[in-house]
Amino acid sequence: MRGRIVRLLLALLLAGLIAAGATALLALAWTAIGGAELTMHGWIALSLGVVGTVLLAWVLMALAFKSDREGWDDRVDNRLDPGREDDQP
């Protein structure tokens, strides 16, 4: 169990480092082509937007996997679905 947690933390650290490196390279490329400078408030807003988007995607994917694992998708009543063919007379 401990080895799994360590692998997960290392994978998260690697993903964070890759994202930070890509962000730094994009920032350098943006300034190299003459793009406008971001103020501190712009960087804060950009960071919060990126983190919020990633967290939202993570939570929604976790809910989709949890729903699939617990069988919630199998218990849906689809009798009124117009695309179903087994309820045709």
Side-chain angles (χ1 to χ4, degrees):
M1 181 71 172
R2 184 178 175 155
R4 246 177 114 181
I5 293 174
V6 170
R7 279 196 321 251
L8 174 67
L9 290 176
L10 285 175
L12 287 174
L13 178 66
L14 179 64
L17 288 174
I18 290 172
T23 303
L25 285 175
L26 283 173
L28 286 174
W30 180 258
T31 10
I33 64 171
E37 292 288 325
L38 276 179
T39 64
M40 181 56 69
H41 294 277
W43 281 108
I44 291 171
L46 180 65
S47 301
L48 288 175
V50 168
V51 169
T53 302
V54 169
L55 284 176
L56 179 64
W58 184 62
V59 167
L60 289 175
M61 286 303 297
L63 286 173
F65 284 121
K66 180 178 172 26
S67 171
D68 181 55
R69 201 175 315 122
E70 292 180 0
W72 285 98
D73 300 328
D74 300 334
R75 295 182 244 173
V76 175
D77 182 13
N78 285 332
R79 286 181 290 155
L80 300 176
D81 186 8
R84 287 180 55 101
E85 296 182 17
D86 60 326
D87 62 343
Q88 302 296 327

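Below, each value reflects all heavy atoms present in this structure, side chains not excepted, and no hydrogens, waters or symmetry copies.
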All N/O donor-acceptor pairs, side-chain side in residues 50-65, below 3.5 Å, sequence neighbours left out:
from  : atom 1 : to    : atom 2 : distance (Å)
Thr53 : OG1    : Gly49 : O      : 2.7

Pairs of donor and acceptor atoms involving the side chains of residues 8-34, under 3.5 Å and at least two apart or interchain, shall be tabulated with distances.
from  : atom 1 : to    : atom 2 : distance (Å)
Thr23 : OG1    : Ala19 : O      : 2.7
Trp30 : NE1    : Ala36 : O      : 3.0
Thr31 : OG1    : Ala27 : O      : 2.6
Thr31 : OG1    : Leu28 : O      : 3.3

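The side-chain hydrogen bond (donor to acceptor under 3.5 Å, both in side chains) search around Glu37 returns none, not counting sequence neighbours.
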